[in-house]
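See below for the structure under consideration.
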Amino acid sequence: MKKYVLLLTVFLFPCVLYAQELNLIPYPNEVTRLKDNLLIAKNSRFYTDNQKFKGVVNYLNEDLNKAVKKALAMQKIQISINGNNTTPGSYTLSASGKIIKITAADRAGVFYGMITLSQLYRSAKSDYTNMILPGVKITDQPRYQWRGFMLDESRHFFGKKVVKSILSWMAFYKLNRFQRHLTDAQGWRFEVKKYPLLATKGGKGNFTDSTAKAQYYTQKDIKEIVAFAKRRNIEIIPEIDMPGHATGATSAYPELSGGTTPGYENFTFNPAKETTYKYLSNVLKEVRTLFPAHVIHIGGDEVTLGIKAWETNPDVLRLLAAKKMTDYRQAEFYFLKRIADTVQKLGCRVMCWDEAVPAGLPTAKVVVNWWRQNKPESLAEALNKGYKVVLCPRLPLYFDFVQDSTHVSGRKWGKLYNTYLDVYHFPENALADTVYKKANVIGLQANLWTETVVTKKRLEYLLFPRLAAMAEAGWVAEPTKNDELFNKRLSAHLQYYKQAGLYYYDPFNPGYHPEAIDVNPKSAIQD
Ligand code: TNX
């Protein structure tokens with residue numbers, strides 16, 4: 001009888017495995033299951049003969065072997081580059097028996113092949129001697145080249161450890177751009193050597209506590225994070241928000257202020273003073289040397305909130321008269337053009353929020369973040385003018401929005417909020433294919449604003465599992481999206497979050513972690 005049961009198990013097990021999807025997020029374009037499992041001696045370390053990729057393989061070892069101090073065996077990975085005419089980030093991974101091969105377009109592709117292997121490894125079974133992974137041949141490439149995430153650390157500051165953890169999860173999900181919103185009304189959060197008060201004075205206070213001591217990144221911290229990200233194939237995009245959202249800077253250097261209007265104290269830089277431009281170009285020079293991506297985001301959002309102050313500002317009135325401008329937005333556009341020019345002269349590409357689309361910035365080398373989902377005409381205008389666009393509409397890509405109808409702290413748009421499945425089905429659920437298939441739509445980005453986020457706990461609660469859904473949205477297209485299969489894979493990933501001690505939202509068991517609430521829900525912003 002016992003034998004009979006055993007036989008059944010042996011025969012059924014491979015079939016069941018075969019029908020089941022692998023626990024991979026984002027799911028690769030093509031997965032072929034091979035007959036022979038991949039067998040890796042337990043506690044082995046991976047290595048490659050390809051000098052150029054030793055660092056990438058070491059990353060895999062560090063990632064997997066955190067718990068294993070002693071390496072007992074060596075497992076070779078054959079790595080080659082297939083070069084020409086392939087999509088950046090594409091790779092094939094074949095793994096079966098004792099052989100693992102990665103062929104990739106570039107370093108990013110090698111890294112992604114390795115990440116796929118590490119995700120397979122995490123759900124591997126084991127016997128006495130081996131880790132047993134399914135034998136596979138995977139052919140894969142990203143749908144979009146820009147798969148981004150933005151964190152606002154002006155409203156609340158989270159620090160190096162939290163940022164590194166986010167970067168590691170981004171890498172796990174093959175996300176490749178991290179926008180840092182480091183300056184805003186509530187604080188300037190990085191050291192500028194030429195203007196030390198920006199950090200030490202401008203860094204004081206935050207959204208919920210105006211008396212908090214200064215919190216900011218030193219230049220050494222910034223470099224450390226940039227290097228940490230680079231190793232994970234992530235480029236960091238610094239954002240210096242201007243001419244609005246500038247109170248962090250103007251509180252330290254009041255002479256730069258464009259004036260105050262009720263509720264928006266010293267909200268803008270003065271667009272009419274040469275000293276403003278001198279100052280900002282010095283800041284941007286330091287930004288350029290700190291952030292090797294050589295893309296600088298210059299903000300340009302919501303200037304209208306503070307623009308009324310310009311109406312009584314004698315400098316601005318003089319500028320309007322001298323340049324024969326007829327309204328204040330022209331002064332805003334004049335400012336943005338000058339700053340964009342400075343950024344480009346530094347050899348950097350310019351990014352901006354979509355309010356800057358009418359400013360007339362040169363179309364080449366400017367990338368627009370389209371965030372105002374209620375203004376599709378702004379996206380259309382950006383594309384018509386020939387700008388490259390990264391889609392990050394509030395619905396469904398703002399992670400400060402709540403993700404369940406019962407959640408009370410955080411934003412909503414009327415009654416609307418952003419579930420992980422809304423994120424998963426973007427952009428097909430929100431835009432016409434004539435829009436999201438345009439070559440100038442270079443990718444997607446989720447943004448986490450932190451007016452309502454004070455603790456790491458709430459930050460994690462908002463981020464997970466939506467970050468996984470975001471990864472899938474950036475990597476695969478709709479015909480292959482499937483809620484049931486995604487949910488199964490996501491369930492496995494929730495276990496990884498649990499092992500890592502994250503305070504995640506569990507959509508399958510919403511009570512598992514109750515909503516982490518940092519601010520009185522009544523004070524949460526509502527639209
Ligand atoms: C709008 S998105 C803003 C941010 C806020 C966010 C809150 C954008 C460019 N500006 O300043 O933090 O809404 O969701």
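Computed from a prediction, not measured in an experiment: that's the story for all the values here. Both ligands and their constituent atoms are indexed starting at 1 by order of listing.
Under 4.0 Å from ligand 1, the heavy atoms of Glu451 that appear belong solely to its side chain.
No heavy atom of Arg372 sits closer than 4.0 Å to any atom of ligand 1. Distances shorter than 4.0 angstrom occur between a heavy atom of Arg155 and an atom of ligand 1.
Using cut-offs of 30° and 60° on the angle between ring planes, the pair Tyr195 and Tyr279 is tilted. Classification of the Tyr112-Trp475 ring pair by plane angle, with boundaries at 30° and 60°, yields perpendicular. Note on ring orientation: taking the six-membered ring where Trp is involved, the planes of Trp371 and Tyr398 are parallel (angle under 30°, cut-offs 30° and 60°).
Short contacts between ligand 1 and His245, defined as distances under 4.0 Å to a heavy atom of the residue, involve ligand atoms 11 (O).
Under the 3.5 Å distance criterion, with hydrogens and angles disregarded, a donor-acceptor pair is assigned to the side chains of His407 and Tyr461.
At least one N or O atom of Asp400, backbone or side chain, sits closer than 3.5 Å to an N or O atom of ligand 1. The shortest N/O to N/O separation between Asp184 and ligand 1 does not fall below 3.5 Å. In terms of N/O distances under 3.5 Å, ligand 1 is approached by Arg411.
With a 6.0 Å cutoff to the six-membered ring centre and a 45° limit on the axis angle, Arg232 counts as a cation-pi contact of Phe228.
Ion pairing of Lys456 with Glu460 is present here, as a side-chain N (NZ or NE/NH1/NH2) and a carboxylate O approach within less than 4.0 Å.
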